[in-house]
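Worksheet: the structure to be examined is printed underneath.
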Amino acid sequence: MVHVAERTKRIEPSASSVATQRARELRAEGHDIISLTQGQPDFDTPDHVLEAAIKAMHAGETRYTPVMGTPALRDAIRFKFKRDNSLAYTDDQVMASNGGKQIVYNALMSTVEPGDEVIVTAPYWVSYPEMTKFAGGVPIEVLCREESGFKLTPEQLEMAITSKTRWLILNSPNNPSGAVYSGHELRILAEVLQPYERIMVMCDDIYEHIIFEGVEMATMAEAAPFMFDRTLTLNGVSKAYAMTGWRIGIAGGPEGLIKTMSKLQNQSTGNPSSVSQAAAIAALTGPQNLVFERTKAFQRRRDRVLEMLNDVSGLSCRRPEGAFYVYPNCKGLIGRKDPNGKVMKNDHDVVIYLMEEGGVAAVHGEAYGLSPHFRLSFADSMENLEEACRRIQSAIQALA
Ligand code: PLP
């Protein structure tokens, strides 16, 4: 028997990976499944980014680099934060990691003491509470209801704060709800936090560029400059530039925090891939028009999926303002029976039914901390999305 450390028992595997794997297995058994479980663009990495990577390989950029990223990448990160967010970081205040995920991990592992509390807003990206637990902390889940646009209110924040609070994690545009905080809303939350000097904010802006018409992007350190020294601004190339496999995440934050995160990264993974760093420079500093075109495509898909799902009796779906997920409410299906007489008791049952009987894989809302919902990614072709929605429509019609 292999001994596994106690701390590994505190964490669960990612629900979206589990659902993706289940869809793969069913497909391998010959079932026709459309999988809308994954959080990645269906587009390819832009050509100019590929070319920068090839050029870097041929130029011998194939060796270890500084742990925090090459000077050229750190310049590109600073350029990006200035261009997009009006944030002026120094060279010691930025770093690159192996994906945005490692930024979150580095930050929590560098700061959370046993028993420290981390406020996460449900629905949340599944890794925040798991990493908090791994770091020995306690995730404090605040339910951000659909009625308040899936957003944290200042009253809820005030109620959640204790003497043990170490972080507030905000994610906008949000995975899975698509909610986006305005600069004004962020400033009001910042005013609540202002007197509590030990609380830091992690602002996860990884979906920043996937933001729909009429919605404006804001981030905490920009909206509330008095929080600049207490905010870690997280971003990356995965979602905006269709580069999930390249594994580059970026961050800007207080020098002391960045230095500690870098020390941890040095002793765990070392630098992110040198070739990926060269590619990330091209993505961050090169032409941005493709990002806008792709976002328009995401918007057309969002609109079509919304139209089709909101037509289904028993489902209601709020319009996401950013990212590439819908998070339909399936309260109207709970208590109904499938053709075999099985009652839908919760969103997990709904998702299993949609996968096994409808042929569409989704992720149940409970995994994101807010039920009864499920998450569908619309980072897929219009054809697949329409077919998936038709299947959902007819599967749900078959419920008694
Ligand atoms: N933050 C959020 C909200 C995400 O949804 C993801 C990926 O799914 C990440 C961070 C991490 O992205 P990556 O590690 O691919 O850069």
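Numbering of residues begins at 1 and proceeds along the displayed sequence. Just so you know, ligand 1 is whichever comes first in the structure, and atom 1 is the first atom listed for that ligand.
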Per-atom contacts of ligand 1 with D204, taking only distances under 4.0 Å to non-hydrogen atoms:
1 (N), 2 (C), 3 (C), 10 (C)
If we only consider heavy atoms of T244, is any one of them less than 4.0 Å away from an atom in ligand 1?
no
Nearest-0.5 Å distance that lies between atom CG in L370 and atom CD in E141
10.0 Å
Would you mind listing which atoms of ligand 1 come within a distance below 4.0 Å of any non-hydrogen atom of Y207?
3 (C), 4 (C), 5 (O), 8 (O)
Could you check whether any heavy atom of W246 sits closer than 4.0 Å to an atom of ligand 1, since that is the contact criterion I want to use?
no
Nearest non-hydrogen protein atom, atom 12 (O) of ligand 1:
I206 CD1, 3.7 Å
Salt bridge present between K345 and D349 (N-O < 4.0 angstrom):
yes
Which ligand 1 atoms does G99 reach within 4.0 Å, using its non-hydrogen atoms?
14 (O), 16 (O)
Can we call the ring centroids of H364 and F374 under 6.0 Å apart?
no
Of all the atoms in ligand 1, which lie at a distance below 4.0 Å from a heavy atom belonging to S238?
13 (P), 15 (O), 16 (O)
State the atoms of ligand 1, each with its element, that fall below the 4.0 Å cut-off from a heavy-atom position in N171.
3 (C)
Under 3.5 Å, is there a donor on one side chain and an acceptor on the other for S148 and T153?
no
Using a 4.0 Å cut-off to any heavy atom of G100, which atoms of ligand 1 qualify?
13 (P), 14 (O), 16 (O)
Taking the six-membered ring for Trp, are F298 and F43 closer than 6.0 Å centroid to centroid?
yes
Within the distance-only criterion (no hydrogens, no angle test), does the side chain of R7 pair as donor or acceptor with the backbone N or O of A135 below 3.5 angstrom?
no
Heavy atom of G236, distance to ligand 1 below 4.0 Å
no
D204 and Y128: side-chain donor and acceptor closer than 3.5 Å?
yes
Whether K239 lies under 4.0 Å from ligand 1, heavy atom
yes
Rounded to the nearest 0.5 Å, how far apart are CD of Q265 and OG of S97?
3.5 Å
Flag the pair L264 / T260 as yes when at least one side-chain heavy-atom distance between them is below 4.5 Å, and no otherwise.
no
Could a heavy atom of R247 be found less than 4.0 Å from some atom of ligand 1?
yes
Which of the ligand 1 atoms, numbered from 1, are nearer than 4.0 Å to a heavy atom of Y128:
3 (C)
